[in-house]
Amino acid sequence: MAQKPSIPKGTRDFNPEQVAKRNYIFNTIRGVFETFGFQPIETPSFENSETLMGKYGDEGDRLIFKILNSGDYLDKIPQEQLTTNNYQLLTKNISEKALRYDLTVPFARYVVQHQNEIEFPFKRYQIQPVWRADRPQKGRFREFYQCDADVVGSDSLWQEVEFIQLYDTVFSALKLEGVTIKINNRKILSGIAEVIGASDKLIDFTVALDKLDKIGEAKVKEEMLGKGILEAGISKLQPLFTLSGSFESQIESLKSILSTSEEGKKGMEELAFINSAITELGLTTATLQLDVTLARGLNYYTGAIFEVAAPKQVQMGSIGGGGRYDDLTGIFGLNNVSGVGISFGLDRIYLVLEELGLFPETVTKNVEVLFINFGDKEALFSLKAIKQMRLAGIHAELYPEAAKMKKQMNHADKRAIPFVVIIGEEEMNSNSYSLKNMISGEQFKLSLQDLILEIKKKS
RNA sequence: GUGGUUGUAGCUCAGUUGGUUAGAGCAUUGGUUUGUGGUACCAAGGGUCGCCGGUUCGAGCCCGGUCUUCCACCCCA
């Protein structure tokens, strides 16, 4: 080994146990998606750059992994472009493809491209990796999985209601209790911006407001002032900073702030509708909470905004998010198709379940029986039995070589295989099977039928 | 992209103000034991001290750069 091998920053290998645990989460989410009527699609891991660039804001563009063109990618670049230090222009000319940054934009592209084959409203789910050229830190990787469910072609608020039910169902199935589903509405945010005379600074305003619980009221005001929002406007926000109480009472308070904004009132009506439906239907383990400071990125949300917070005892960023986007397909030329969707952050959910010890013990299905190999004759005899066992659904295998028994037993022990079957000359002559229980150390001679019954009974 | 932090055997870590041939535990392999694992004992293999450069008679240790780890910011799942 001349050089130690390694993997790129922010990526991970997964061992068998980790894969089993990840599959447990995937399977749970997939199962719930399907019971809610979603169908799977997949899209390529990389898209044409123009499909992705500009869809996530400037910050997003920076975090998109660009793929270098093949061959001599400098061949047709004029000399002056190489020396002018304009990396954005150069990037466009040497890279025409990029790794997918999320699943929503590729989905919008898919919908537009296949619009004539799709029966609307279209409910799809998608579980695939995405890539971001971000600096890794806790729960943040450069390659990670998203599990998305979206509905396009329906502007009914019942979809929002369904997604909240879906979140609740998934986290209940995972036994992850105490998650908070935070909800807000973009219309409320733009209503507030309108009221304080900062409609043109909506993004700056919401980004600052979003930090309220993290940096506090004073710093939020400071940041807003710094972004050019007027003092007079900010003072009108005062009720917002102290907003608390039930969903209904928060909406009441908002009414006073938003009385002059049509858009803001619309947003409140939507929230009230969703909340009363959820109150009526009930949630199993999750809690729905109105959070007017919730303003997570994604420039394309136009209505509801969701974010799921892990139970308070674990320190983890959001484990899911989503929202309503009225015109996502518009950027690809298909207008008047409203969509709404949510996303689960698999890797973060994994970390949370691990921290709380919520993975079932049975996520890994180990081999149940190892047959000791004494030689070719015995191996063939063993494989006949193994064939029968496998038909009976037992995970069985033969040690591949006639190695020393100690070594074979050791192998079974290390792999935590609960049963070993020993077949030598003696057993072959009497057509019997010596079954050793590796936990108790007990050993019996049995017929093949009893052997299968015995193992099925114990597994 | 900004600031800090980390790196010594497969893993977890020692390593004196800079001084012979860099150590331990666990793991691995072989043996004590050719039809019985876990325990014990004996032995062996395994390192360009992240990488590149500098200072020095001499660098795992000091200096610079770079990569990586983790954390905070930006942003976000």
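Note that the structure is predicted; figures quoted are calculated from it, not measured. The chains referred to below are lettered A, B, ... by the order of the sequence lines, with proteins before strands, and numbering in each begins at 1. Every heavy atom of this structure was used, including side-chain atoms; hydrogens, water molecules and symmetry mates were not.
Using a 4.0 Å heavy-atom cutoff across all strands shown, A/E378 reaches no nucleic acid atom at all. At the heavy-atom level, A/I422 lies under 4.0 Å from base atoms of the strands shown. When heavy atoms are screened at a 4.0 angstrom cut-off, A/E425 is found touching base atoms of the nucleic acid. In this structure, A/S318 reaches the sugar-phosphate backbone alone: every heavy-atom distance under 4.0 Å involves primed, P, OP1 or OP2 atoms, never a base. Among the heavy atoms of the strands lying under 4.0 Å from A/G441 is at least one base atom, whether or not backbone atoms are also near. Within 4.0 Å (heavy atoms only), A/F141 reaches at least one base atom of the nucleic acid. Residue contacts for A/G57: at a heavy-atom cut-off of 4.0 Å it reaches no nucleic acid atom on any strand shown. If you check every strand for non-hydrogen atoms under 4.0 Å, A/G10 touches sugar and phosphate atoms only.
Remark: B/rC62 base-pairs with B/rG54. Criterion, Watson-Crick or G-U wobble with two distances under 3.5 Å. Of all nucleotides present, only B/rG31 satisfies the Watson-Crick or G-U wobble test against B/rC41, with each distance under 3.5 Å. Searching all strands for a Watson-Crick or G-U wobble partner of B/rU2 with both distances below 3.5 Å returns B/rA72. Across every strand in view, B/rC26 sits in a pair with B/rG10 that passes the Watson-Crick or G-U test at under 3.5 angstrom.
Rounded to whole Å, atom C1' of B/rC74 lies 9 Å from atom CG of A/D134. Between the NZ atom of A/K211 and the P atom of B/rC76 there is a distance of 10 Å, rounded to whole Å. Note: CG (A/L63) to C1' (B/rC74) measures 9 Å, nearest angstrom. The CZ atom of A/R100 sits 15 Å away from the P atom of B/rA77 (whole-angstrom rounding). When the P atom of B/rC70 is taken as reference, atom CD of A/Q137 falls 10 Å away, rounded to whole Å. Taking atom CE on A/M409 and atom P on B/rU39, their separation rounds to 14 Å, with Å as the unit. Between the NZ atom of A/K9 and the P atom of B/rU69 there is a distance of 7 Å, rounded to whole Å. Here B/rU36 presents its P atom at 10 Å from CD of A/Q443, a figure rounded to the nearest Å.
With distances taken from any side-chain atom of A/R62 to the nucleotides B/rG35, B/rA77, B/rG1, the minimum falls on B/rG1. Side-chain proximity of A/D413 to the nucleotides B/rA77, B/rG35, B/rG38 is greatest for B/rG38. Closest to the side chain of A/K407, out of B/rG35, B/rG30, B/rC76, is B/rG30. When the nucleotides B/rA77, B/rG37, B/rC75 are ranked by their closest atom to the side chain of A/F144, B/rA77 comes out on top.
The base of B/rG38 does not come close enough to the side chain of A/K414 for any donor and acceptor atom to sit less than 3.5 Å apart. Evaluation of atom-type donor-acceptor distances gives no pair under 3.5 Å for the side chain of A/E59 against the base of B/rG1. At a cut-off of 3.5 angstrom, the base of B/rG37 holds no donor-acceptor pair with the side chain of A/N410.
For the C1' atoms, the distance from B/rU8 to B/rC73 is 32 Å, rounded to whole Å. Comparing the same atom, C1', in B/rG65 and in B/rC26 gives a spacing of 36 Å after rounding to whole Å. When the P atom is compared between B/rA24 and B/rC63, the two are found 29 Å apart, to the nearest whole Å. B/rA72 and B/rG53 have their P atoms separated by 36 Å, with the value rounded to a whole Å. With P as the reference atom, B/rG50 and B/rG15 are 15 Å apart, rounded to whole Å. Atom C1' of B/rC71 sits at a distance of 27 Å from the matching atom of B/rC62, rounded to the whole Å. Straight-line distance between the C1' atoms of B/rC61 and B/rG18: roughly 6 Å, to the nearest whole Å. For the P atoms, the distance from B/rG10 to B/rG46 is 11 Å, rounded to whole Å.
A donor and an acceptor atom, one from each side chain of A/T11 and A/E143, are nowhere located under 3.5 Å apart. Counted by atom type alone, A/Q289 and A/T180 present zero donor-acceptor pairs between their side chains at under 3.5 Å.
Here the two rings, on A/Y56 and A/Y101, have centers that are under 6.0 Å apart. A centroid separation of less than 6.0 Å is found between the aromatic rings of A/F381 and A/Y433. Separation of the A/F36 and A/Y125 ring centroids does not fall under the 6.0 Å cut-off.
Contact check for A/F359 versus A/I25: side-chain heavy atoms found under the 4.5 Å cut-off. Put simply, the side chain of A/E217 reaches to within 4.5 Å of the side chain of A/L212, judged on heavy atoms.
Both A/T11 and A/V207 lie near RNA chain B, and the one whose nearest nucleotide falls closer to the 5' end is A/T11. Checking A/R135 against A/S440, the closest nucleotide of RNA chain B that is more toward the 5' end is the one next to A/R135.
Both geometric conditions, a ring-centre gap below 5.5 Å and a plane tilt below 30°, are not fulfilled together for A/F344 over the base of B/rA77.
Heavy atoms only, all atoms of each residue included: A/D213 and A/D210 are closest at OD1-O, 3.8 Å.
Remark: A/K219 does not engage A/E222 in a salt bridge, criterion side-chain N to carboxylate O under 4.0 Å. Using a cut-off of 4.0 Å between Lys/Arg side-chain N and Asp/Glu carboxylate O, A/R415 and A/E397 are scored as salt-bridged.
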Check nucleotides 31-33 of chain B for protein N or O atoms closer than 3.5 Å to its own N or O atoms and list the pairs.
| residue | atom | partner | partner atom | Å |
| --- | --- | --- | --- | --- |
| B/rG31 | OP1 | A/K404 | NZ | 2.4 |
| B/rG31 | OP2 | A/K404 | NZ | 3.3 |
| B/rU32 | O4 | A/K406 | NZ | 3.3 |

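Ring geometry, A/Y167 versus A/F344: the interplanar angle exceeds 60°, so the pair is classed perpendicular (tilted spans 30 to 60°).
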